[in-house]
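The structure appears right after this line, and notes come after that.
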Amino acid sequence: MVLLGRKKIICEKTDAQGSLKKHALALLHRGIDAPDKKKFADRLTALQLNGDRLSVAYPVAKRLFNTIKSDTVRDLYSRLKKIGAASLIDRQGAEKFKDKKIIEIIDEIWLSALDGGINKYERGSDYYNLIMSAISAPSKILKNNNDMKKLIFAMDNILTGGRYNNQVDTL
């Protein structure tokens with residue numbers, strides 16, 4: 001309690017790390033939970049992205065977001081297996097983390113990108129191999145795309161606690 005003049009002000013202790021984590025995840029989840037195309041565009045614009053241009057992808061993004069929120073690694077691996085693309089994902093990592101929700105993995109990566117070291121994973125570990133195989137999958141189609149190469153490099157640094165600088169690097 002603090003006395004300010006004649007008034008008593010009650011101050012409660014707050015877990016700053018927990019509060020910041022909650023707000024960082026809310027920022028991410030607000031985009032994922034956008035209920036319609038307009039809100040989706042508005043939320044992207046608030047993140048300094050071109051919401052109007054990107055909002056055309058809302059129908060596809062909404063389906064993807066619903067999958068991300070509900071599926072586990074096992075679910076994703078099964079879907080990829082059905083279309084003959086399971087080889088894109090590290091099998092050993094998929095087995096080890098089969099019950100982990102995709103949204104939990106994305107949350108961990110998001111927090112690591114903002115913090116620079118929430119969780120560090122050794123190159124070659126099952127988790128590292130799983131995430132890097134998923135991030136690298138599109139590069140098998142977009143072989144000469146420099147943005148994909150930058151994304152893969154940034155993800156390696158986020159996972160390993162390497163050189164990634166969240167103040168200047170772009171995802």
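FYI, side chains are in, hydrogens and waters are out, and symmetry mates aren't considered; it's all heavy atoms of this structure.
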Looking at [Y] and [X], is any side-chain nitrogen of the basic one under 4.0 Å from a carboxylate oxygen of the acidic one?
| X | Y | answer |
| --- | --- | --- |
| D75 | K98 | no |
| R74 | D99 | yes |
| D33 | K69 | yes |
| D156 | R123 | yes |

In this structure, would [X] and [Y] fall into the same cluster of hydrophobic residues linked by side-chain contacts under 4.5 Å?
| X | Y | value |
| --- | --- | --- |
| L27 | I106 | yes |
| L64 | L88 | no |
| L28 | I131 | yes |
| V56 | V60 | no |

Least distance between heavy atoms, [X] atom then [Y] atom:
| X | Y | result |
| --- | --- | --- |
| K96 | D126 | CD-OD2, 3.1 Å |
| L44 | G51 | CB-CA, 3.8 Å |
| A34 | R43 | CA-NH1, 3.2 Å |
| L111 | A24 | CD2-CB, 3.9 Å |

Would you compute the distance between atom [atom1] of [X] and atom [atom2] of [Y] and round it to the nearest 0.5 angstrom?
| X | Y | atom1 | atom2 | value |
| --- | --- | --- | --- | --- |
| L130 | L159 | CG | CG | 10.0 Å |
| I109 | E104 | CD1 | CD | 12.0 Å |
| L151 | I135 | CG | CD1 | 5.0 Å |
| D107 | I32 | CG | CD1 | 7.0 Å |
| K150 | M155 | NZ | CE | 15.5 Å |
| I102 | F65 | CD1 | CZ | 14.0 Å |

Worked verdict on I103 versus H29 for side-chain contact (heavy atoms from CB on, under 4.5 Å): CA-CA 9 Å; I103 191 67; H29 291 196; 3.9 Å; yes

Crowding at [atom1], [X] (>12 non-hydrogen neighbours, <6.0 Å):
| X | atom1 | result |
| --- | --- | --- |
| K38 | NZ | no |
| K100 | NZ | yes |
| K62 | NZ | yes |

Go through it in stages, so that I can follow the logic: the residues are T160 and Y121, the test is side-chain contact (heavy atoms from CB on, under 4.5 Å), and I'd like the CA-CA distance, side-chain angles, deciding distance and then a yes or no. CA-CA 5 Å; T160 61; Y121 301 94; 5.9 Å; no

Does any part of the side chain of [Y], heavy atoms only, come nearer than 4.5 Å to the side chain of [X], both counted from C-beta?
| X | Y | answer |
| --- | --- | --- |
| R79 | D71 | yes |
| E108 | Y127 | yes |
| P138 | M148 | yes |
| I152 | M132 | yes |
| Y77 | T72 | no |
| N50 | T45 | no |

When you measure from the side chain of N129 to the backbone N and O of G93, does any donor-acceptor pair fall under 3.5 Å? no

Quick check: does any side chain N or O of S125 sit under 3.5 Å from a backbone N or O of E122, one acting as donor and the other as acceptor? yes

Take the angle between the ring planes of Y58 and F40 and call it parallel below 30°, perpendicular above 60°, tilted in between. tilted

